[in-house]
Amino acid sequence: MHLDVQDLRNFYYRSTLGRAAQASIRGRLLELWPEAEGLTVAGFGFAAPLLRPYLPEARRVMALMPGPQGVMQWPAGLPNVSVLCEETSWPIDTGRADRLVVMHGLETSERPSKLLEECWRALGPGGRAIFIVPNRAGLWARSDLTPFGYGRPYTLRQLEGQLRQHQFAIEQHTAALYRLPSHKRFWLKSGAMLEKMGRKLPAMLAGGVFMVEVSKQTYPQKGHMTRTKAPSRIRVLEGLSNPMPEPA
């Protein structure tokens with residue numbers, strides 16, 4: 001079940017906790033992808049809060065938002081690049097995207113397998129994608145005060161296994177959101193310290209979300225192509241059923 005775009009916008013842009021969550025995840029994303037000069041960058045679900053740093057240098061940025069969720073104009077104050085689309089049929093040519101970020105898309109999808117097929121289709125040769133999902137063992141997946149408390153949380157093994165089944169090669173993984181999912185003032189003030197401490201702990205235990213980077217895996221044809229030469233006709237055998245005239 002997809003969340004409503006208004007609820008997502010209110011959390012990430014109008015709440016202190018949401019802005020802190022946005023900063024935590026976006027900071028990790030920029031560590032993995034520090035630049036995107038000349039690349040086509042796409043986001044699916046509600047990945048728009050993470051894509052703003054790529055607007056000045058990327059060749060093109062697209063924020064794809066599924067129909068059940070709804071769409072909002074983004075970015076504010078600039079020409080709109082957000083698009084309302086079908087969950088498993090995006091308005092992107094095959095192999096067009098160089099970078100893809102999926103957040104609040106996979107865990108809320110009713111057809112995750114078809115969605116991953118569409119992600120694979122949209123990525124070009126050498127393309128990379130990052131999937132951001134709630135950590136089943138984390139505190140954020142257990143609280144419905146944030147968008148990460150909805151949908152299907154994952155373990156790291158479950159997520160990577162599902163991605164491999166859809167022809168993605170796992171490149172690396174990390175985690176984000178080590179602060180507590182609380183709007184209380186004390187925990188909001190302690191958030192920066194908790195984020196710093198949490199990075200020293202195992203990602204599968206401490207982080208509120210997993211971030212898995214993958215590349216598009218293709219299987220080239222193996223072996224060598226050979227051309228079969230048609231056998232020449234044997235005049236002796238052919239003459240038995242259909243005599244051929246002798247040359248003059």
Closer than 3.5 angstrom, by distance alone: can the side chain of [X] be matched with the main-chain N or O of [Y] as a donor-acceptor pair?
X    : Y    : answer
N135 : G208 : no
Q22  : Y12  : yes
W120 : F168 : no
W140 : R179 : yes
T40  : R60  : no
Q69  : G45  : yes

Does any part of the side chain of [Y], heavy atoms only, come nearer than 4.5 Å to the side chain of [X], both counted from C-beta?
X    : Y    : answer
L3   : F11  : no
I130 : L100 : no
R128 : K216 : no
W90  : L115 : yes
I25  : M103 : yes
F44  : V101 : no
R136 : Y154 : no
V212 : L156 : yes

Note to self: What verdict does the side chain to side chain contact (heavy atoms under 4.5 Å, CB included) test give for L17 and S182, after you've listed the backbone C-alpha separation in whole Å, the side-chain angles of each residue and the deciding distance to 0.1 Å?
What the structure shows: CA-CA 7 Å; L17 181 62; S182 172; 5.9 Å; no
Note to self: Before you tell me yes or no, could you show the steps for F46 and H2 under side chain to side chain contact (heavy atoms under 4.5 Å, CB included), namely the whole-Å CA-CA distance, both residues' side-chain angles and the distance that decides it to 0.1 Å?
What the structure shows: CA-CA 10 Å; F46 198 77; H2 289 282; over 6 Å; no
Which distance, rounded to the nearest 0.5 Å, do you find between the [atom1] of [X] and the [atom2] of [Y]?
X    : Y    : atom1 : atom2 : value
E107 : Y150 : CD    : OH    : 13.0 Å
L106 : Q162 : CG    : CD    : 5.5 Å
S15  : R9   : OG    : CZ    : 13.0 Å
T88  : R111 : OG1   : CZ    : 4.0 Å
F210 : L177 : CZ    : CG    : 12.0 Å
E110 : R152 : CD    : CZ    : 9.0 Å

Over all heavy atoms of both residues, which pair between [X] and [Y] is shortest? Give the atoms and the distance, please.
X    : Y    : value
L51  : A47  : CG-O, 3.4 Å
Q6   : D4   : N-OD2, 2.8 Å
P147 : H104 : CB-CE1, 3.4 Å
P153 : Q158 : O-OE1, 4.3 Å
E57  : P34  : OE2-O, 4.3 Å
R121 : D93  : NH1-C, 3.6 Å

Next item on the list: Take Q167 and Q217, measure what side-chain hydrogen bond (donor to acceptor under 3.5 Å, both in side chains) needs, and give me the verdict at the end.
Entry: CA-CA 5 Å; Q167 299 184 53; Q217 192 174 33; over 6 Å; no
Item checked: Candidate pair E87 and S109, rule side-chain hydrogen bond (donor to acceptor under 3.5 Å, both in side chains), full reasoning -> CA-CA 8 Å; E87 183 181 66; S109 173; 3.0 Å; yes
Item checked: R96 CZ: over 12 foreign heavy atoms closer than 6.0 Å -> no
Notebook entry, point to check: Shared ILVMFWY cluster between F148 and L145, side chains joined below 4.5 angstrom?
Noted result: no
Notebook entry, point to check: When you look at L116 and F131, which way does the side chain to side chain contact (heavy atoms under 4.5 Å, CB included) test go after all the steps?
Noted result: CA-CA 10 Å; L116 290 175; F131 292 87; 3.6 Å; yes
Check: Yes or no on side chain to side chain contact (heavy atoms under 4.5 Å, CB included) for L78 and R52, after CA distance, side-chain angles and deciding distance?
Finding: CA-CA 11 Å; L78 295 172; R52 181 174 279 273; 4.3 Å; yes
Margin query: I'd like to know whether E160 forms a side-chain hydrogen bond (donor to acceptor under 3.5 Å, both in side chains) with H173, so could you lay out the CA-CA distance, the side-chain angles of the two residues, the decisive distance to 0.1 Å, and finally the verdict.
Written below: CA-CA 9 Å; E160 292 186 344; H173 65 257; 3.1 Å; yes
